[in-house]
Participant: 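Below is the structure I would like to discuss, written out as structure tokens.
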Amino acid sequence: MNNPKLMIQKMGLPRLIILAFLLLLTVTAVFQRQDLATLTSDVLVRFGMNLVMSLAMVPAVLSGTGMNFGLPVGLLCGILAGLISIELGLLGWAGILAAIAISLPIGAATGWLYGKLLNAVKGSEMVVGTYVGYSVVSLMCIGWLVIPFRSPEMVWPIGGQGSGLRSTIALAGNYDAIFNNFLSFTVFGVKIPTGLILFSLFACLLMWLFTRSKTGISMQAAGDNPRFAAASGISVDRSRMVGTVLSTVIGAVGIIFYAQSFGFYQLYNAPLNMAFAPVAAVLLGGASAGKIRISHVILGTFLFQALLTIALPVANQLMPEGSLSEVIRIIVSNGIILYALSQTGGKGK
């Protein structure tokens with residue numbers, strides 16, 4: 001008799017409600033005779049393309065800085081690296097691997113500066129991170145106008161060099177869906193994006209191995225109990241710096257991985273609110289402001305993306321008139337984010 005109560009207590013009633021809602025959407029899609037193969041394919045793609053960005057929350061939380069609401073800082077590093085690879089005229093695997101390689105030093109240097117700031121504002125990391133993310137995105141709106149890129153694929157067709165970059169940079173002909181198509185195959189009409197899933201899970205494996213390393217264990221100790229860690233000879237500030245740099249670098253790689261699947265780099269204000277979905281995903285998976293596991297990232301990202309993917313076509317059939325389906329999608333997505341953010345617990349991080 002106590003088993004249901006224990007399950008509710010362990011998983012949390014809101015999370016069970018979300019799972020039940022996902023099941024209801026799936027059953028409704030079946031009765032509506034939706035193309036379940038296409039929906040499943042879309043869920044897998046959205047899961048794979050968003051997983052790496054969600055993974056960026058792991059080192060931030062473990063090091064004690066909380067959820068990284070300054071993730072747009074890392075995303076901008078990745079976008080800049082991606083544009084540099086296009087400017088160099090690199091295509092295919094050479095282009096995306098060059099973009100990832102370029103993003104690593106840019107992300108590390110930027111993450112070090114961001115980490116210095118977070119160490120100076122201990123206790124207010126989430127608030128400061130959100131402010132920094134918004135500020136950097138706004139600053140880069142000017143940067144995209146003045147950085148002297150020359151590639152005709154990126155600059156405005158009218159105005160020439162110096163007139164700024166387009167708001168959307170298409171990757172068709174460069175490395176559009178290159179991971180999605182790598183080793184992909186179809187089963188019962190469901191396209192399995194093998195390369196996409198494998199790369200995402202490999203990134204999760206690397207993070208899991210890092211958390212088992214000496215540096216990773218020290219970082220976790222500093223995040224769990226800073227005073228005990230300092231008494232044991234662990235530099236808390238250095239551990240927080242490692243976590244922030246890693247989070248920024250993973251965010252930079254994550255947006256490149258996301259963009260190749262999405263088919264575009266989106267500039268200007270596009271990265272402004274992109275931290276909220278990864279934060280909501282890991283919180284939905286069971287993480288908190290002070291505790292996170294790789295399993296939380298994988299489960300939460302899958303649930304979040306599955307809900308968003310299935311909700312829209314179901315709502316479209318229920319209410320085909322007007323734009324009510326889009327309104328419902330926004331309500332669903334923002335409702336999930338609101339629930340997830342309420343689980344941070346207000347612990348001052």
Side-chain angles (χ1 to χ4, degrees), residues 49-50 52-53 56 68-91 94-118 127-178 244-245 247-278:
M49 65 191 283
N50 284 277
V52 178
M53 284 196 294
N68 185 8
F69 284 95
L71 185 63
V73 174
L75 303 185
L76 288 171
C77 294
I79 293 172
L80 178 60
L83 299 189
I84 292 174
S85 73
I86 296 174
E87 180 74 8
L88 294 175
L90 301 174
L91 305 176
I96 194 166
L97 292 178
I100 292 173
I102 295 169
S103 73
L104 299 181
I106 296 176
T110 306
W112 183 82
L113 293 174
Y114 181 39
K116 295 284 284 185
L117 175 62
L118 293 186
V127 175
V128 172
T130 304
Y131 175 78
V132 169
Y134 276 58
S135 299
V136 172
V137 169
S138 299
L139 181 63
M140 279 304 294
C141 286
I142 302 174
W144 301 132
L145 293 174
V146 300
I147 297 176
F149 285 113
R150 299 173 179 270
S151 172
E153 299 178 54
M154 298 189 293
V155 299
W156 287 110
I158 300 175
Q161 183 186 356
S163 60
L165 301 180
R166 306 180 190 189
S167 57
T168 301
I169 310 298
L171 293 177
N174 291 295
Y175 41 82
D176 179 26
I178 191 167
T244 304
V245 169
S247 183
T248 305
V249 168
I250 294 172
V253 174
I255 192 62
I256 296 172
F257 195 59
Y258 176 93
Q260 66 83 33
S261 185
F262 189 61
F264 303 92
Y265 282 114
Q266 292 183 297
L267 309 185
Y268 300 99
N269 286 326
L272 200 62
N273 297 313
M274 289 190 72
F276 291 104

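Hydrogens, waters and symmetry mates play no part in the numbers below; they use all other heavy atoms, side chains included.
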Participant: Looking at residues at least two apart in the chain, or sitting in another chain, which of them share a side chain to side chain donor-acceptor pair (under 3.5 Å) with Asp176?
Facilitator: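 In terms of side chain to side chain donor-acceptor pair (under 3.5 Å), with neighbours along the sequence ignored, Asp176 is linked to no residue.
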
Participant: Using a 3.5 Å cut-off and no angle test, enumerate the donor-acceptor pairs between side-chain atoms of residues 96-110 and protein atoms at least two apart in sequence or in another chain.
Facilitator:
residue: Ser103; atom: OG; partner: Ile100; partner atom: O; Å: 2.6
residue: Thr110; atom: OG1; partner: Ile106; partner atom: O; Å: 2.8

Participant: Kindly give the heavy-atom pair with the smallest separation between Arg166 and Pro152, and that separation in Å.
Facilitator: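 Scanning both residues, the minimum pair turns out to be NH2-O, 3.0 Å.
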
Participant: Which pair of heavy atoms, one from Asn174 and one from Leu90, lies closest together, and at what distance?
Facilitator: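 Scanning both residues completely, I find the closest heavy atoms to be OD1-O, 4.2 Å.
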
Participant: Mind checking ring-ring contact (aromatic ring centres under 6.0 Å, His included) for Tyr258 and listing every partner two or more places apart, or none if nothing turns up?
Facilitator: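 Tyr258 satisfies ring-ring contact (aromatic ring centres under 6.0 Å, His included) with Phe262 once adjacent residues are dropped.
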
Participant: May I have the step-by-step check of side-chain contact (heavy atoms from CB on, under 4.5 Å) for Ile147 and Leu165, ending in yes or no?
Facilitator: CA-CA 8 Å; Ile147 297 176; Leu165 301 180; 5.6 Å; no

Participant: Between Leu117 and Leu113, does a side-chain contact (heavy atoms from CB on, under 4.5 Å) hold up when you go through it step by step?
Facilitator: CA-CA 7 Å; Leu117 175 62; Leu113 293 174; over 6 Å; no

Participant: Who pairs with Thr248 by side chain to side chain donor-acceptor pair (under 3.5 Å), at least two apart in sequence or on another chain?
Facilitator: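 In terms of side chain to side chain donor-acceptor pair (under 3.5 Å), with neighbours along the sequence ignored, Thr248 is linked to no residue.
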
Participant: How about Ile86 and Leu171: do any of their side-chain heavy atoms sit closer than 4.5 Å?
Facilitator: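 Contact flag for Ile86/Leu171 side chains = yes.
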
Participant: Nearest 0.5 angstrom please: Leu88 CG to Leu83 CG, how far?
Facilitator: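 Between atom CG of Leu88 and atom CG of Leu83 there are 11.0 Å.
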
Participant: Flag the pair Val136 / Pro72 as yes when at least one side-chain heavy-atom distance between them is below 4.5 Å, and no otherwise.
Facilitator: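 Val136 vs Pro72: side chains apart.
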
Participant: Can you list everything that forms a side chain to side chain donor-acceptor pair (under 3.5 Å) with Thr130? Sequence neighbours excluded, please.
Facilitator: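 Result, side chain to side chain donor-acceptor pair (under 3.5 Å) vs Thr130: none returned.
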
Participant: Could you walk me through whether Tyr265 and Ile256 satisfy the side-chain contact (heavy atoms from CB on, under 4.5 Å) test, starting with their C-alpha distance in whole Å, then the side-chain angles of each, then the deciding distance to 0.1 Å, before giving a yes or no?
Facilitator: CA-CA 8 Å; Tyr265 282 114; Ile256 296 172; 3.7 Å; yes

Participant: Check Val73 against Gly133 and note the closest heavy-atom contact, atom names and distance.
Facilitator: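 Minimum heavy-atom separation between Val73 and Gly133: CG2-CA, 4.4 Å.
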
Participant: Minimum heavy-atom separation for Gly78 to Ile255, with atom names?
Facilitator: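 Taking Gly78 first and Ile255 second, the nearest heavy atoms are CA-CG2, 3.6 Å.
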
Participant: Taking only residues two or more places apart in sequence, or in another chain, which ones meet Ile142 in a side chain to side chain contact (heavy atoms under 4.5 Å, CB included)?
Facilitator: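 Partners of Ile142 by the side chain to side chain contact (heavy atoms under 4.5 Å, CB included) criterion come out as none, since no residue qualifies.
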
Participant: With Pro278, which residues qualify under side chain to side chain contact (heavy atoms under 4.5 Å, CB included), at least two apart?
Facilitator: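 Here the qualifying residues are Met53, Ser54, Met57, Leu71.
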
Participant: List for me each residue that meets side chain to side chain contact (heavy atoms under 4.5 Å, CB included) alongside Ser167, sequence neighbours excluded, and say none if there are none.
Facilitator: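 Ser167 satisfies side chain to side chain contact (heavy atoms under 4.5 Å, CB included) with Tyr268 only.
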
Participant: Quick one: ring-ring contact (aromatic ring centres under 6.0 Å, His included) partners of Tyr114, sequence neighbours excluded?
Facilitator: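 Tyr114 satisfies ring-ring contact (aromatic ring centres under 6.0 Å, His included) with no residue once adjacent residues are dropped.
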
Participant: For Asn273, check side chain to side chain donor-acceptor pair (under 3.5 Å) against everything at least two apart and list the hits.
Facilitator: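 Counting only residues at least two positions away or on another chain, Asn273 forms a side chain to side chain donor-acceptor pair (under 3.5 Å) with Tyr134.
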
Participant: So, does Glu87 use its side chain to make a donor-acceptor pair with the main chain of Phe149 at under 3.5 Å?
Facilitator: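 No.
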
Participant: Can Phe276 and Phe69 be said to form a side-chain contact (heavy atoms from CB on, under 4.5 Å), step by step?
Facilitator: CA-CA 7 Å; Phe276 291 104; Phe69 284 95; 3.8 Å; yes

Participant: So which atom in Leu75 and which in Gly251 form the shortest heavy-atom distance, rounded to 0.1 Å?
Facilitator: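 Shortest heavy-atom separation between Leu75 and Gly251 comes out as CD2-O, 3.4 Å.
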
Participant: Which heavy atom of Leu118 sits nearest to which heavy atom of Thr244, and what is that distance?
Facilitator: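 Distance-wise, the nearest heavy atoms are CD1-OG1, 3.8 Å.
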
Participant: Just verifying a value: how many Å separate Met154 CE and Thr168 OG1, rounded to the nearest 0.5 Å?
Facilitator: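 Met154 CE to Thr168 OG1: 13.5 Å, rounded to 0.5 Å.
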
Participant: From Ser85 OG over to Leu80 CG, what is the distance, rounded to the nearest 0.5 angstrom?
Facilitator: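 Atom-to-atom, Ser85:OG and Leu80:CG are 10.0 Å apart.
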
